[in-house]
Engineer: 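Before I ask anything, let me first share the structure, which is written out below as structure tokens.
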Amino acid sequence: MVDKKAEACFTCHASDEPLKKLSIADRTRIFTTDSCRVMGTINPIYNEPSCYEAPCHAHEPDQAVLGVIDITESLSSTDQKIEIAKLKMLLFACIAILCISIVVSFFVRTWVDKPVRELVEATKNVGSGNLNFIVVNNSADELGILARSFNNMTKKLAEARLQLFQSDKMASLGRLAAGVAHEINNPLTGILTYSSFLLKRTANNSDFHDDLEVIVRETKRSREIVKGLLDFARQSVPKKNNIQITNIVDRAITVVENQLSLNHIKLIKKYDENLPDVYIDANQMQQVLINLIVNANHAISKNDGLISISAKLISLPPYGITQIKNALCPKGHNLLDHTVKIKSMPSIRLQARVNEKEGYINIDPIYGKNRNHYGLKIKTNSAVEFSCPKCNASLLDKKEKCPKCGGPVYFFEVPGKGLVQGCAVKGCEWQYWQSIENEGQKEYIEIRVEDNGCGIPQENLAKIFDPFFTTKGQKGTGLGLAVIWGIIDNHNGRITVESEIDKGTTFTVRLPIAKS
Amino acid sequence: MKTKRIIAIDDERVILDSIVKLCSAEGWHVDVAEDALSGFKMIQSNVYDLIVCDIMMPEMDGFELLEKLRQQEIRIPVIITTGFSTVENAVKSLYNGAIDFLPKPFTFDELISSLKRGLNYAKIQKQVASYFFDSNKKNAMVSYIPCPPRYLRLGYSTWAFKENDGSFKIGITDLFLRTIENIKNIEMLDFDGEIIQGNNCCQITSDNELVHSVLSPLSGRIIKRNEHVIGDFTLVEKDPYFRGWLYIIVPSNLEFESKHLVPCSSDRI
């Protein structure tokens with residue numbers, strides 16, 4: 001007889017009536033012996049017909065369960081396998097994590113890290129004052145948006161800075177003008193009243209009369225200069241007349257003659273005969289010439305100083321001469337950029353796109369000169385897609401091909417003067433402005449003021465027409481050439497400078513001749 | 001004829017000296033004051049035909065003097081002169097009751113022509129006053145024709161009248177013309193030019209070779225010029241308010257500038 005209380009029997013015989021069936025989980029048990037884990041499984045032996053019908057028929061047919069087989073097995077080898085499997089799993093998990101993190105870090109690097117680093121670079125650049133820096137990122141994600149709004153912010157900042165600079169400049173100029181006007185006009189009143197009074201009284205004495213006339217005329221000119229200074233702060237319009245330029249040059253020379261002879265400077269005049277009139281404001285132009293001669297005088301320190309002034313008639317094709325002073329996209333947005341100046345003239349700002357890279361290109365405002373300013377790197381001979389920086393409208397003319405290289409053609413409109421076209425391929429210098437070309441060669445009076453003085457260093461040449469740029473320290477305001485530039489520009493003329501250190505400087509003024 | 005008495009007020013000695021010198025050549029007597037306060041005291045205790053006054057002076061400036069004269073109802077004509085000769089100052093002076101604005105530095109002729117107009121103005125002013133006090137109306141001739149109502153004027157010199165299309169007709173007042181003795185020539189600006197309020201818009205030469213600047217009442221672009229006046233400038237004298245107009249302009253800054261114009265219906269001098 002088996003002991004029903006024995007461990008193997010207990011599960012079935014816990015209740016009074018033994019169970020006939022048990023689930024496998026209940027029939028199995030694991031226990032630990034001294035050395036290893038052991039699994040025991042009990043399996044009931046059911047009564048089957050072969051058991052009670054056999055000749056030996058030791059069992060009764062109504063008996064359901066005849067007994068149990070209890071098998072115990074050591075799990076040590078299984079446990080060992082489990083241990084190994086665990087280790088393997090751990091190892092694979094580590095490798096998988098490593099692989100995933102490498103892949104993730106690669107994507108993070110390209111999609112997040114690089115743009116963020118570019119942004120950091122940009123903030124550093126902007127922080128150090130380079131407001132022309134542009135972050136190149138055209139992606140549609142949040143970082144792309146951030147980059148674009150960063151660019152927008154820098155642009156706004158640059159505009160604000162320029163505006164601030166401009167208004168600050170104007171404010172200080174206004175104060176200066178007011179101060180000068182008040183301080184200079186009182187003594188000038190003394191000179192002008194007495195001299196004009198004397199002029200009246202000496203009407204019969206031609207000796208005094210002529211000299212006094214010079215005093216009165218020049219005092220009146222000073223009055224105009226002071227008034228001009230006040231007007232300059234408010235951007236005045238020149239009072240133009242048809243005049244012989246040589247008269248103005250002579251008048252300018254008379255005023256500075258004494259100064260030159262004190263400095264032992266020889267002055268040579270070379271005028272062509274029968275020059276046509278120019279349509280100019282005589283006072284303003286005299287101011288320009290006096291200023292140029294005085295500058296030349298200041299540049300000369302040696303004994304054999306020489307200033308030569310020449311005036312001649314020249315005829316020039318519009319190519320390389322005409323300044324584009326206004327530019328519009330097809331939707332009417334202004335393309336002129338006063339922040340980026342090329343040879344001190346406001347340039348034409350176009351949005352450029354090459355191989356998914358975007359940036360700005362500032363086109364030289366001198367028709368045909370092509371001293372463009374590139375805001376992004378472009379390989380020579382690659383075509384640029386131009387568009388309006390404000391509305392993104394394409395500025396490429398689909399119907400046209402560059403006659404020189406066959407590349408695409410960009411265009412913009414100059415109000416009242418038709419379209420300007422140009423080749424969109426970097427390196428090709430083709431440009432065409434029909435209405436200007438149709439006018440043909442134009443005649444100009446060219447006045448050259450040449451000296452053999454100390455010259456202007458190359459790095460200063462670009463800046464000399466900027467307001468408040470001076471090398472004369474406290475002695476100069478830095479306004480002289482800026483005012484001159486403004487005057488010449490108001491007359492639709494051009495002023496250029498060439499200089500060589502210790503050889504001398506030449507200022508060339510070109511004024512369009514008067515239409516008869 | 002009684003000697004004309006003028007008082008010049010300026011903080012610059014050289015200006016005062018030159019005015020004294022120039023006026024003595026014309027036979028006028030000039031008293032001087034180096035600040036507006038002592039000048040004002042002299043005006044109160046003496047009889048003057050005309051005041052010439054600077055704007056920028058320590059303590060009391062030219063505008064304050066104009067204000068004080070108005071409060072005390074002293075009706076001596078004032079010519080304002082300044083070294084800071086901006087349009088703003090010119091217009092402000094005229095609006096505040098000055099009869100003329102003379103920017104420094106001025107020539108002998110410019111000073112004399114301005115002073116002569118000022119003295120003539122004083123004379124007309126007296127005639128008008130005597131007309132009102134003269135019960136017999138013996139001198140029953142009104143010295144000048146005031147500008148019609150609905151016209152606007154800058155000081156007493158020029159007028160502006162709004163046309164139906166928004167443009168403005170501008171011209172010279174009769175009073176100003178009366179202060180100029182016999183017009184010899186009128187020089188007008190080019191058609192299509194720009195004029196600026198308080199700046200010269202035409203020049204009148206009188207018989208005595210003096211040049212008189214006419215200050216524009218408004219800024220704007222000239223769209224039409226009265227060619228009849230160029231043909232016959234006496235038209236301006238004969239009919240200054242209608243057929244003798246000078247220009248038709250499109251005003252450029254009407255809203256701001258009309259603040260400095262006085263309606264002709266006002267009795268302000």
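The chains referred to below are lettered A, B, ... by the order of the sequence lines, with proteins before strands, and numbering in each begins at 1.
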Engineer: Considering non-hydrogen atoms only, spot the tightest contact between A:Arg223 and B:Phe106 and give its length.
Structural biologist: NH1-CA, 4.0 Å
Engineer: Please find the pair of heavy atoms, one from B:Phe108 and one from A:Ser196, that lie closest to each other, and give the distance.
Structural biologist: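 That would be N-OG, 2.7 Å.
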Engineer: CG of B:Asn46: more than 12 outside heavy atoms within 6.0 angstrom?
Structural biologist: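 Yes, enclosed.
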Engineer: Which residues pass the side-chain contact (heavy atoms from CB on, under 4.5 Å) test with B:His29, not counting sequence neighbours?
Structural biologist: B:Thr3, B:Arg5, B:Asp31
Engineer: So what's closer than 4.5 Å to chain A heavy atoms on B:Ile15: side chain, backbone, both or neither?
Structural biologist: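 Side chain only.
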Engineer: Would a 4.5 Å heavy-atom cut-off, applied to side chains only, mark A:Asn186 and B:Lys104 as touching?
Structural biologist: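 A:Asn186 reaches B:Lys104 side chain to side chain.
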Engineer: Kindly indicate whether the side chain of B:Thr107, heavy atoms from C-beta on, has any atom under 4.5 Å from the side chain of A:Lys220.
Structural biologist: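 A side-chain contact exists here, since the closest heavy-atom pair is under 4.5 Å.
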Engineer: Would you indicate whether B:Glu67, at its atom CD, is surrounded by more than 12 heavy atoms from other residues, nucleotides or ligands within a distance under 6.0 Å?
Structural biologist: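 Above 12, so yes.
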Engineer: Take B:Asp109 and A:Lys200 through the side chain to side chain contact (heavy atoms under 4.5 Å, CB included) test and state the conclusion after the steps.
Structural biologist: CA-CA 9 Å; B:Asp109 284 350; A:Lys200 268 251 142 84; 2.7 Å; yes
Engineer: Answer yes or no: does atom NZ of B:Lys41 have more than 12 heavy-atom neighbours from other residues, nucleotides or ligands under 6.0 Å?
Structural biologist: no
Engineer: Kindly compute the distance separating CG (A:Leu198) from NZ (B:Lys21), expressed to the nearest 0.5 Å.
Structural biologist: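 Interatomic distance, A:Leu198 CG to B:Lys21 NZ, rounded to 0.5 Å: 8.0 Å.
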Engineer: Return the option, out of A:Ile191, A:Leu188, A:Thr219, A:Thr189, with the maximum number of heavy-atom pairs under 4.5 Å with chain B.
Structural biologist: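 With the most close heavy-atom pairs to chain B, the winner is A:Thr189.
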Engineer: Between B:Ile196, B:Leu22, B:Ile112, which residue shows the highest count of heavy-atom pairs closer than 4.5 Å to chain A?
Structural biologist: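 Highest number of heavy-atom pairs under 4.5 Å: B:Leu22.
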